[in-house]
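Since the structure comes first, as C-alpha cells, the remarks are kept for the end.
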Amino acid sequence: MVLRMLVDENIPGAEHVLGPFGRVQRFSGRSLTRSQLVDTDALLVRSVTTVNESLLSGTPVRFVGSATSGIDHIDVSYLHNSGIHFAYAGGANANSVVEYVLSAIASVDDRLERLLAGEACGIVGYGFVGKALAMRFHALGIACRVYDPWLDRDDVSGAVDLEEALACNVVCLHPALTDKAPYPSRHLLNRDTLPLLQPGALLINASRGEVIDSLALLAHLKAGNDLLTVLDVWEDEPHINIALLKQVTLATPHIAGYSLDSKIVATHMLASAMAMARGISELAPHHATEGQAPWVLADGLSGAALIRALVHAHYDVREDDRRLRGGGSDRISEHFDYMRKNYPARRELALARIKLPAGFSDLATLHALGCEIYEGEASSG
Ligand SMILES: NC(=O)C1=CN([C@@H]2O[C@H](COP(=O)(O)OP(=O)(O)OC[C@H]3O[C@@H](n4cnc5c(N)ncnc54)[C@H](O)[C@@H]3O)[C@@H](O)[C@H]2O)C=CC1
Ligand SMILES: O=C(O)C(=O)[C@H](O)COP(=O)(O)O
C-alpha cells in the first residue's frame with residue numbers, strides 16, 4: 001500500500017528519505033487542522049503541532065512521528081490507547097544543543113575560563129541533552145552539579161539537589177516540560193527559586209520556555225538582580241515577551257537543536273521507525289550531509305582560546321541574537337518563525353575535521369570537543 005504522509009515543512013530530507021514509502025505532502029506546523037488529515041496515514045510533526053484526540057479522532061492516521069527530542073506537544077497515552085504507532089527523535093539534536101550552550105558560555109565575559117579554572121556548572125535535567133553536556137564538560141575538565149529528581153541518584157554523575165545546582169555560576173536548563181507530580185518542571189524557575197541563583201550567575205534555557213515563569217524572570221531582572229540570561233526558548237512562542245527580550249543577555253528563536261546534521265538524523269530516525277511499523281526492512285540509503293571541508297587552525301591556540309575559536313567558527317550564538325533583535329518588536333512573532341524556517345545550514349563542531357598547525361600541543365581539547373584531526377592537504381585558513 002502506498003502510504004499517504006503529511007510532513008511538516010521544516011523537516012528536511014523527507015522527500016528523499018520517506019519518498020520510497022509513498023506520497024509526501026507538506027504542511028505548515030502551527031496551523032494544521034483535522035480536516036487536512038482526512039487522507040493521511042502518517043503524520044510527521046515538529047514541536048509546534050499539538051497532536052491529540054481532537055486533531056486525530058476520525059482520521060485514518062496510524063503513524064505519528066515527531067522530529068524532536070521533547071514530546072510535550074504529543075498526547076502519547078491517546079496514541080497508545082488508539083493503537084497509533086508513535087516515534088520521536090530522542091537525542092538526535094543533543095550534540096547540537098551542547099554546542100549551542102558552549103557557544104553561549106564562550107560568548108559571555110570570562111565564563112569559560114572560570115569553568116576551566118574549577119567553577120562548576122549546574123545542569124537541570126539529565127536526559128539526552130543534560131547527559132551529553134555533562135560528558136562534554138567532563139571531557140573538558142569542567143565539573144558539573146546535576147539535578148534530575150526523576151532519576152535514581154546512583155545513575156546521575158554529580159547528582160545534587162535543586163538548590164545546589166542553582167547555586168553554580170553557570171546554570172543550564174535541560175528538563176523535559178512536565179506537569180507531573182511530584183517534580184513538575186513547568187515554572188521550575190519562579191519567584192521563589194530565581195533568588196537561589198547567585199549574583200552574577202549565567203542562566204541558559206534551551207529546554208522549553210515554560211520551565212521559567214517569564215513574568216517572574218522579567219521582574220527579577222528589572223529589580224536589578226545581577227543575572228545574565230541566555231534564552232533560546234520562550235513561553236508562548238512565537239509571541240515572545242518583548243520586555244523580556246530587551247532584558248536578556250542573548251536571545252535566539254528556539255534553534256539550539258537546529259544543526260543540519262541533527263535534523264537529517266531525526267528524519268532518518270522517523271523513517272526507520274516507520275519502516276519497522278510497516279514491517280519493511282530496506283530503507284532509502286542514508287541521506288548523509290556532505291562532509292565538512294577541513295578547517296585550518298590558527299597558530300598558538302590552546303585551552304579556553306582554542307575552545308572559543310573552534311566553537312565560534314562553527315556556530316556563534318551572538319549572530320542569531322543580532323538577527324532576532326534586528327527583526328524589530330512590531331513583527332517579532334513573524335520574524336521568530338521566519339528565522340526558524342529559513343535557518344542556515346549549521347554544521348556540528350563534533351563532526352569537524354581540523355588541520356593542525358605545526359607544533360600544536362592541545363590535542364586533548366580537540367578530542368574533548370569531538371573533532372577529527374585532518375592529516376591531508378587543506379586549502380582554507
Ligand atoms: N531548544 C531546542 O532546540 C531543544 C530543546 N529540547 C528540549 O530540552 C529537553 C531535554 O531534551 P532531552 O535531554 O533530549 O530530553 P529527555 O527526555 O532525554 O530528558 C529530559 C530529562 O528531564 C528530566 N526532568 C523532568 N522533569 C524534571 C524536573 N522537574 N527537574 C529536573 N529534571 C527533570 C527527565 O527526568 C529527563 O531525564 C526536551 O524535553 C526538549 O523540551 C531538546 C532538544 C532541542
Ligand atoms: O527537539 C526538540 O525538542 C526541540 O525543541 C526542537 O529541536 C525544536 O525544533 P521545532 O520542533 O520547534 O522546530
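All ligand and atom numbering here is 1-based and tracks the order in the structure. If you read the sequence from its start, that first residue is 1, and numbering goes on from there. On a predicted model such as this, the values are computed, not experimentally measured, just so you know.
- The N/O atoms of I255, backbone and side chain alike, include none that comes under 3.5 Å of an N/O atom in ligand 1.
- Ligand 1 lies within reach of P149, whose nearest heavy atom is under 4.0 Å from it.
- For R340, the closest heavy-atom approach to ligand 2 falls below 4.0 Å.
- When the heavy atoms of V129, V124, I71 are ranked by distance to atom 11 (O) of ligand 1, first place goes to V129.
- Of the protein's non-hydrogen atoms, the one nearest atom 18 (O) of ligand 1 is F128 N, 2.9 Å.
- Applying the side-chain contact (heavy atoms from CB on, under 4.5 Å) test between F137 and each of L102, L116, V170 identifies L102 as the sole match.
- Not a single heavy atom of S47 sits under 4.0 Å from any atom of ligand 1.
- Rounding to the nearest 0.5 Å places OG1 of T40 at 12.5 Å from CZ of R34.
- Comparing D148, V97, T252 by heavy-atom distance to atom 35 (O) of ligand 1, the nearest is D148.
- Taking hydrophobic clusters as Ile, Leu, Val, Met, Phe, Trp and Tyr residues chained together by side-chain heavy-atom distances below 4.5 Å, V265 does not share a cluster with F128.
- A donor-acceptor pair shorter than 3.5 Å can be found between the side chains of H312 and S107.
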D75 and S77: side-chain contact (heavy atoms from CB on, under 4.5 Å), yes or no, with the steps? CA-CA 6 Å; D75 185 341; S77 326; 3.9 Å; yes

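- Some N or O of Y258 is nearer than 3.5 Å to an N or O of ligand 2, by distance alone.
- Close N/O approach between A176 and ligand 1 is found [any backbone or side-chain N/O within under 3.5 Å].
- Ligand 1 is approached by A206 to a heavy-atom distance shorter than 4.0 Å.
- Among the atoms of N93, none of the N or O lies under 3.5 angstrom from an N or O of ligand 1.
- Here atom 9 (C) of ligand 1 lies nearest to P175 when heavy atoms of A266, G127, P175, S69 are compared.
- Below 30°, between 30° and 60°, or above 60°: for Y100 and Y315 the angle between ring planes is below 30°, a parallel geometry.
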